[in-house]
Colleague: 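For reference, the structure I am asking about is given below.
Nothing here was measured: the structure is a model prediction, and the numbers come from that model.
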Amino acid sequence: MAYWLFKTEPDTFSIDDLAKKDTIWEGVRNYQARNFLRDGVKEGDEVFIYHSSCKRVGIAGIGRVTRAGFADPFAFDPDSRYFDPKSSPDKPIWYAAELTFVRRLPLLPLAELKSNPALTELALVKKGSRLSVMPVTQDQWQAILAMAG
């Protein structure tokens with residue numbers, strides 16, 4: 001099992017939304033994040049759900065991958081804002097994962113994550129790291145869980 005951090009804007013999709021229903025994590029349009037979804041994320045992996053671009057930025061909960069590495073169906077839908085005419089079902093460019101809710105965490109703000117010496121190598125706390133999907137090591141995962149209590 002591997003660990004990941006997925007960023008989302010909570011006004012679009014939050015940990016509370018995931019608690020209500022499983023979801024396809026779609027719309028990733030960065031090649032490095034896409035590569036993580038395509039090649040790294042596997043069924044059974046656990047994911048921190050990170051709320052970004054909001055008043056209360058931070059890790060809000062945990063999800064589990066129930067299906068991984070499949071073509072993002074929204075890339076083929078001309079009515080979707082994630083439509084990409086260069087992507088096709090037989091040669092997809094963009095990938096997605098399906099998640100299920102595991103649990104909420106007390107919000108762990110970015111400032112607290114940055115202040116934890118065990119997390120200095122976490123991609124999220126490094127300058128210029130803006131990926132919506134990023135790996136988390138087992139030690140980092142455990143450090144974050146310890147922060148959550």
Colleague: Can you find a heavy atom in the side chain of Glu121 that is under 4.5 Å from one in the side chain of Lys126?
Modeller: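 Yes, at least one pair of side-chain atoms sits under 4.5 Å.
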Colleague: Could you state whether Tyr82 and Trp94 fall into the same hydrophobic cluster, counting links through intermediate Ile, Leu, Val, Met, Phe, Trp or Tyr residues with side-chain heavy atoms under 4.5 angstrom apart?
Modeller: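 As far as the 4.5 Å side-chain criterion goes, Trp94 and Tyr82 are not connected within one cluster.
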Colleague: For the residue pair Tyr3 and Asp139, establish whether any side-chain heavy-atom pair is separated by less than 4.5 Å.
Modeller: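 A side-chain contact is absent here, since even the closest heavy-atom pair is not under 4.5 Å.
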Colleague: I'd like to check Leu124 versus Lys7 (side-chain heavy atoms, cut-off strictly below 4.5 Å). Are they in contact?
Modeller: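 Of all side-chain heavy-atom pairs linking Lys7 with Leu124, at least one is under 4.5 Å.
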Colleague: For Met147 and Leu119, what are the C-alpha separation, side-chain angles and deciding distance, and is it a side chain to side chain contact (heavy atoms under 4.5 Å, CB included)?
Modeller: CA-CA 11 Å; Met147 292 174 71; Leu119 300 177; 3.9 Å; yes
Colleague: Compare all side-chain heavy atoms of Asn116 with those of Leu122 and state whether any distance is below 4.5 angstrom.
Modeller: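 Heavy-atom side-chain distance check fails, nothing below 4.5 Å.
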Colleague: Kindly give the heavy-atom pair with the smallest separation between Asp39 and Lys42, and that separation in Å.
Modeller: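 Of all heavy-atom pairs spanning Asp39 and Lys42, the closest is O-NZ, 3.2 Å.
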Colleague: Run the numbers on Phe74 and Asp84 for side chain to side chain contact (heavy atoms under 4.5 Å, CB included), then give the verdict.
Modeller: CA-CA 8 Å; Phe74 294 89; Asp84 184 343; over 6 Å; no
Colleague: Minimum heavy-atom separation for Ala143 and Ala118, please, with both atom names.
Modeller: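 What the structure gives for the nearest pair is CB-CB, 3.9 Å.
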Colleague: Tell me whether Val125 shares a hydrophobic cluster with Met134, the cluster being built from Ile, Leu, Val, Met, Phe, Trp, Tyr side chains joined at under 4.5 Å.
Modeller: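 Hydrophobic grouping puts Val125 with Met134.
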Colleague: Nearest 0.5 angstrom please: Leu37 CG to Ser132 OG, how far?
Modeller: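 Going from the CG atom of Leu37 to the OG atom of Ser132 covers 7.0 Å.
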Colleague: Using atom types as modelled and distance alone, determine if a side-chain donor or acceptor of Glu112 lies under 3.5 Å from a backbone N or O of Pro109.
Modeller: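 Between the backbone of Pro109 and the side chain of Glu112 there is no qualifying donor-acceptor contact (under 3.5 Å).
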Colleague: Between Tyr95 and Asn35, is any pair of side-chain heavy atoms under 4.5 Å apart?
Modeller: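 The answer is no, as the side chains (C-beta and beyond) never meet within the 4.5 Å cut-off.
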Colleague: Atom CD of Gln138 and atom CE of Met1: how far apart are they, to the nearest 0.5 Å?
Modeller: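 Spacing of CD (Gln138) from CE (Met1) equals 7.5 Å.
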Colleague: Kindly give the heavy-atom pair with the smallest separation between Leu99 and Val65, and that separation in Å.
Modeller: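 That closest heavy-atom pairing would be CD2-CG2, 3.7 Å.
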Colleague: Grouping I, L, V, M, F, W and Y whenever their side-chain heavy atoms are under 4.5 Å apart, do Phe70 and Val41 come out in a common cluster?
Modeller: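 Different hydrophobic clusters.
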Colleague: For Ala60 and His51, work out which heavy atoms get closest and say how close.
Modeller: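 For Ala60 versus His51, the nearest heavy atoms are CB-CE1, 3.5 Å.
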Colleague: Roughly how far, to the nearest 0.5 Å, is the OG1 atom of Thr120 from the CD atom of Gln140?
Modeller: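 Rounded to the nearest 0.5 Å, the CD-OG1 separation comes out at 8.0 Å.
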Colleague: Minimum heavy-atom separation for Leu113 and Leu108, please, with both atom names.
Modeller: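 Scanning both residues, the minimum pair turns out to be CD1-O, 3.8 Å.
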Colleague: With side chain to side chain donor-acceptor pair (under 3.5 Å) as the rule and sequence neighbours excluded, what pairs involving residues 23-32 come up?
Modeller: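 The answer is Arg29-Asp72.
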Colleague: Begin with the C-alpha distance, continue with both residues' side-chain angles, and end with the deciding distance and a verdict on side chain to side chain contact (heavy atoms under 4.5 Å, CB included) for Ile49 and Phe101.
Modeller: CA-CA 10 Å; Ile49 304 300; Phe101 175 79; over 6 Å; no
Colleague: Report the distance from atom NZ of Lys20 to atom OG of Ser14, rounding to the nearest 0.5 Å.
Modeller: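 Here the rounded value is 7.0 Å.
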Colleague: For the residue pair Ser87 and Ile93, what are the closest heavy atoms and their distance?
Modeller: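 Of all heavy-atom pairs spanning Ser87 and Ile93, the closest is OG-N, 3.0 Å.
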Colleague: So, do Asp79 and Asp77 sit near enough that their side-chain heavy atoms are less than 4.5 Å apart?
Modeller: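 Side chain of Asp79 against side chain of Asp77, heavy atoms only: contact under 4.5 Å found.
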Colleague: Indicate whether the side chain of Ser88 and that of Asp90 have a donor and an acceptor atom separated by less than 3.5 Å.
Modeller: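 Indeed, the side chains of Ser88 and Asp90 share at least one donor-acceptor pair under 3.5 Å.
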Colleague: Looking only at atom types and distance, does a side-chain atom of Thr8 sit under 3.5 Å from a main-chain N or O of Phe13, one as donor and one as acceptor?
Modeller: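 Side chain of Thr8 to backbone of Phe13, a donor-acceptor pair under 3.5 Å: yes, one is there.
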Colleague: Are Val47 and Ile24 grouped together when hydrophobic residues (ILVMFWY) are joined by side-chain heavy atoms under 4.5 angstrom apart?
Modeller: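 Not linked; separate clusters.
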Colleague: Okay, side chain of Thr100, backbone of Arg64: is any donor-acceptor separation there less than 3.5 Å?
Modeller: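 Judged by distance alone, no pair lies under 3.5 Å.
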Colleague: Let me check something: do Leu145 and Phe6 share a hydrophobic cluster, defined by ILVMFWY side-chain heavy atoms less than 4.5 Å apart, either directly or through other members?
Modeller: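 Yes; tracing contacts between hydrophobic side chains, which count when under 4.5 Å, links both residues.
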Colleague: Pick out which of Trp141, Tyr50, Phe36 makes a ring pair (Phe, Tyr, Trp, His ring centres under 6.0 Å) with Trp4.
Modeller: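 Among the candidates, only Phe36 passes.
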Colleague: Say you draw a straight line from NZ of Lys127 to NZ of Lys114; how long is it, rounded to the nearest 0.5 Å?
Modeller: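 Taking NZ in Lys127 and NZ in Lys114, the distance rounds to 7.5 Å.
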